[in-house]
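Everything on this sheet refers to the single structure shown next.
Only a predicted model underlies this, so the values are computations on that prediction, with no experimental measurement involved. Chain letters run A, B, ... following the sequence lines, proteins first, then strands; residues in each count from 1.
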Number of protein chains: 2
Amino acid sequence: MQKLPQISDAEWQVMKAIWSQAPCTANQVIEYLSEIVTWQPKTIKTLINRLLKKKVLGFKIDPQDKKTYHYYPLLSEKECVRAESQSFLHRVFDGLPQIMLANFIEECELSREDIAGLKQILEEKEQKKTT
Amino acid sequence: MQKLPQISDAEWQVMKAIWSQAPCTANQVIEYLSEIVTWQPKTIKTLINRLLKKKVLGFKIDPQDKKTYHYYPLLSEKECVRAESQSFLHRVFDGLPQIMLANFIEECELSREDIAGLKQILEEKEQKKTT
DNA sequence: TCAAATAGATTACGGATGTAATATGTTTTT
DNA sequence: AAAAACATATTACATCCGTAATCTATTTGA
């Protein structure tokens, strides 16, 4: 468990675009995000550069097209989600997942199928403890 | 759903102290937090002042002791937790609580009792939908 | 009463963040 | 080959944040 660099709100959007498309160009990120945010392309390039500096992204150059970088994540979505989740859990719920889960289940809209799915997951988790 | 002011990590610690003790003095906050963090008293005073400026805290003066302020929250813990939770949910899980819940249940340590409790809450939620 | 202690108010300062614009260098296009 | 387009790199700038120190006014102890 090492310390991951801090990823800001805006940077998270960029990372989500890259995790779902990598390797991809800046323009692909910009196009992907055009559905989601209203940032100028320059803003997105800035965010990409900050993520490069933080070593959250890397890039390669295609010999065919030496002009355009192809970015890819250096950290997996899973580990970033985990780190961000732990941070949230500690900040708001003193690190107690039971409290947090109970709270979310009560506060969120969940369909009947969602509820069934979660019960399923809980049961599987229980099974694993037994065996 | 109005927009709450932004509460930073460090400010959350202060707010948790005040929610659990209000109304309380700066020194009570400092003492409470001495178990949890290693900040200088001055640092905590700064945080209290920022929270005053953001209108997250208010204070009263005791006629007996006109020197010391007694701080109290202007926002409930519940609404702040809700806002922070929504922010996290959107940043990391695209606002989808099912995904988030499934993820946490799988990743976190939960005792058998925790699991039973969560199943209970899920069942109650299901009941409410039916009726 | 005068000095020391203390509470709150103001100021500090470097780094992160949101949100870009400008500068520079390399391809294309004409 | 010169100009236009485009990609990346650098710079900008206000605000927030972590982490305090200093200033000011009041209270209290000697």
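Distances were taken from every side-chain heavy atom of Thr68(B) (C-beta onward) to each of dA7(C), dA7(D), dT8(D); the shortest belongs to dA7(C). Considering only the side chain of Trp39(B), dT19(D) comes nearest among dT19(D), dC17(D), dT27(D). With dT8(D), dC17(D), dA7(C) as the choices, the nucleotide that has an atom nearest any side-chain atom of Lys42(A) turns out to be dT8(D).
Rounded to whole angstrom, the span from the CD1 atom of Ile61(B) across to the C1' atom of dT26(D) amounts to 12 Å. Atom-to-atom, CD of Gln6(A) to C1' of dC16(D) comes out at 14 Å; the value is rounded to the nearest Å. Taking atom CD1 of Ile48(B) as the reference point, atom C1' of dA7(C) lies 11 Å away to the nearest angstrom. Nucleotide dA9(C) holds its C1' atom 15 Å from the CG atom of Leu47(B), rounded to whole Å. Separating the NE2 atom of His70(B) from the C1' atom of dA7(C) is a distance of 12 Å, rounded to the nearest angstrom. Atom pair Ile7(A):CD1 and dA16(C):P shows a separation of 14 Å (rounding to whole Å applied). In this entry the distance linking CG of Leu51(B) with C1' of dC16(D) reads 13 Å, nearest Å. We find that NZ of Lys60(A) is positioned 15 Å from P of dT8(D), with the value rounded to whole Å.
Looking at heavy-atom distances under 4.0 Å, Thr46(A) makes contact with a base. Using a 4.0 Å heavy-atom distance criterion, Tyr71(B) is classed as a sugar-phosphate-only contact. Note on Asn49(B): a base of the nucleic acid sits closer than 4.0 angstrom, heavy atoms only. Among the protein residues, Thr43(B) comes within range of the nucleic acid bases, having at least one heavy atom under 4.0 Å from a base atom. At the heavy-atom level, Lys53(A) lies nowhere under 4.0 Å from the strands shown.
Put simply, Lys45(A) has a side-chain N or O that comes within less than 4.0 Å of OP1 or OP2 on dT8(D). At least one side-chain nitrogen or oxygen of Ser8(B) sits closer than 4.0 Å to the OP1 or OP2 atom of dG18(D). Taking only side-chain nitrogens and oxygens, Tyr69(B) never comes nearer than 4.0 Å to OP1 or OP2 of dT26(D).
A cation-pi contact, defined as under 6.0 Å to the ring centre and within 45° of the axis, links Lys60(B) to Tyr72(B).
Ser111(A) and Asp114(A) are linked by a side-chain donor-acceptor pair at a separation below 3.5 angstrom, with hydrogens and angles left out of the test. For the 3.5 Å distance criterion, the side chains of Gln127(B) and Glu123(B) fail to qualify, holding no donor opposite an acceptor.
Residues Thr38(B) and Glu11(B) both approach DNA chain D. Their nearest nucleotides, taken by heavy-atom distance, put Glu11(B) toward the 5′ side.
Exactly one of Phe104(A), Phe93(A), Phe88(A) qualifies for a ring pair (Phe, Tyr, Trp, His ring centres under 6.0 Å) with Phe88(B). That residue is Phe88(A).
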What do the steps show when you test Val56(A) against Leu74(A) for side chain to side chain contact (heavy atoms under 4.5 Å, CB included), and what is the final call?
-> CA-CA 5 Å; Val56(A) 181; Leu74(A) 296 179; 5.9 Å; no

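Judged by distance alone, with hydrogens and angles left aside, Arg50(A) brings no side-chain donor or acceptor close enough to the base of dT10(D) to form a pair under 3.5 Å.
Proximity of a side-chain donor or acceptor of Glu79(B) to a complementary backbone N or O of Ser76(B) within less than 3.5 Å is detected.
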